[in-house]
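What you see is a predicted model, and the numbers here were worked out from it, not measured in a lab.
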Amino acid sequence: MLLSKEIAVSLNLAACKFKQYTAMMLRNNGIDLTPEQFLLIDLLWNQGAMSQQNLADSMEKDKNSITKLVDALENKGLVVRVRDKSDRRSNTVILTQKAEDMKNDTKEFGIAMLDGMLAGISEEELRGMLSTLAKLSKNMDTHD
């Protein structure tokens, strides 16, 4: 198999496995979030309230996907939307107290889960992987 094709297949399989594993670990630990919901809420924990457009840009997702994620989190009582007074087309997404209350335990779980996935991989290998992924992402950005 060509190296480029082998890399593409491996990246796709790793991404799928990562998402499945994360979903299973969240579910098994009583955290009622999908991996994407977890990423969105973690972004809000780290950055504070954000517009739906900024969330879409930060997560590199389209606005419709972000709307569905925010709808689901809103239904779980974890976020609320506040309409921007100066631009009625724009909503700011804000965490609720329920989301803030689960922040520390959920973030600690996420870090422990990631540490488990990365076990046995040296810091040098991890830094090399980050560098390679950044270059790969940049190459795809220039070929839009």
Side-chain angles (χ1 to χ4, degrees), residues 1 3-84 87 89-144:
M1 185 181 320
L3 181 59
S4 58
K5 184 176 179 183
E6 190 174 346
I7 290 168
V9 168
S10 292
L11 275 172
N12 187 52
L13 291 174
C16 290
K17 191 170 228 175
F18 176 79
K19 193 172 180 179
Q20 290 169 348
Y21 178 80
T22 303
M24 178 194 69
M25 292 297 288
L26 289 167
R27 189 174 46 253
N28 290 349
N29 286 276
I31 299 170
D32 184 25
L33 296 171
T34 66
E36 278 118 356
Q37 289 170 355
F38 181 88
L39 286 173
L40 189 148
I41 205 166
D42 190 55
L43 187 59
L44 293 172
W45 282 329
N46 293 332
Q47 304 293 322
M50 296 176 74
S51 72
Q52 284 187 221
Q53 183 60 56
N54 285 344
L55 285 167
D57 294 343
S58 296
M59 294 181 69
E60 296 190 19
K61 292 202 170 274
D62 61 73
K63 287 176 78 171
N64 289 336
S65 296
I66 293 299
T67 297
K68 289 177 185 175
L69 286 171
V70 172
D71 287 346
L73 290 170
E74 202 170 37
N75 288 336
K76 293 177 182 189
L78 298 172
V79 300
V80 292
R81 287 182 177 101
V82 176
R83 191 166 303 282
D84 186 327
D87 182 357
R89 297 168 297 164
S90 179
N91 290 314
T92 299
V93 180
I94 301 171
L95 294 169
T96 64
Q97 188 59 51
K98 181 179 178 181
E100 291 294 347
D101 290 345
M102 64 187 276
K103 177 181 178 178
N104 290 336
D105 289 343
T106 305
K107 283 180 84 79
E108 284 178 21
F109 164 78
I111 290 167
M113 181 185 67
L114 291 171
D115 286 347
M117 277 192 268
L118 300 174
I121 304 171
S122 72
E123 184 174 339
E124 182 181 354
E125 289 173 302
L126 293 171
R127 292 198 184 282
M129 182 171 68
L130 274 177
S131 175
T132 301
L133 289 171
K135 289 175 186 175
L136 179 65
S137 184
K138 183 178 178 185
N139 287 346
M140 288 186 286
D141 286 343
T142 60
H143 292 96
D144 285 341

Distance-only, no hydrogens or angles: does the N29 side chain make a donor-acceptor pair with backbone N or O of M25 under 3.5 Å? yes
L114 vs M117 side-chain heavy atoms within contact, under 4.5 Å: yes
Does the side chain of L40 reach to within under 4.5 Å of the side chain of L43, using non-hydrogen atoms? no
Nearest heavy-atom approach of A72 to Q37 is CB-NE2, 3.1 Å
Taken to the nearest 0.5 Å, the spacing of L126 CG from S131 OG works out to 12.5 Å
Within the 4.5 Å heavy-atom criterion, are L26 and F38 side-chain neighbours or not? yes
d(S10 OG, L3 CG) to nearest 0.5 Å is 9.5 Å
Heavy-atom donor-acceptor pair, W45 side chain to A99 backbone, under 3.5 Å: yes
Could you list the residues that satisfy side-chain contact (heavy atoms from CB on, under 4.5 Å) with R83, not counting sequence neighbours? R88, N91
Just checking, is any N or O donor in the side chain of Q53 or D57 under 3.5 Å from an acceptor N or O on the other one? yes
Would you compute the distance between atom CE of M24 and atom CE of M113 and round it to the nearest 0.5 angstrom? 9.5 Å
For S51 against S90, the heavy-atom pair lying closest together: CB-OG, 4.1 Å
I need the minimum non-hydrogen distance between T106 and M102, along with the two atoms involved. OG1-O, 2.7 Å
Output yes when a side-chain donor or acceptor of T132 lies under 3.5 Å from a complementary backbone atom of G128, and no otherwise. yes
Enter the distance from R81:CZ to I94:CD1 here, rounded to the nearest 0.5 Å. 12.0 Å
Can you tell me how far the CE atom of M50 sits from the CG atom of L55, to the nearest 0.5 Å? 4.5 Å
Is K76 close to I41 at the side-chain level, that is, under 4.5 Å between some pair of heavy atoms? no
T22 vs F18 side-chain heavy atoms within contact, under 4.5 Å: yes
Show your working on salt bridge (Lys or Arg N to Asp or Glu O under 4.0 Å) between D62 and K68 and close with a plain yes or no. CA-CA 10 Å; D62 61 73; K68 289 177 185 175; over 6 Å; no
A49 and T92: which non-hydrogen atoms are nearest, and at how many Å? CB-CG2, 3.8 Å
Would you confirm whether T67, through its side chain, and K63, through its main-chain N or O, come within 3.5 Å as a donor-acceptor pair? yes
Decide side chain to side chain donor-acceptor pair (under 3.5 Å) for E108 and N104; before the verdict, give the C-alpha distance in whole Å, the side-chain angles of both, and the deciding distance to 0.1 Å. CA-CA 6 Å; E108 284 178 21; N104 290 336; over 6 Å; no
State the CG-CD distance between N54 and Q47, to the nearest 0.5 angstrom. 9.5 Å
Donor-acceptor check, side chain of N46 to backbone of D42, threshold 3.5 angstrom: yes or no? yes
Among V93, L78, L44, which residue satisfies the side-chain contact (heavy atoms from CB on, under 4.5 Å) criterion with L73? L78
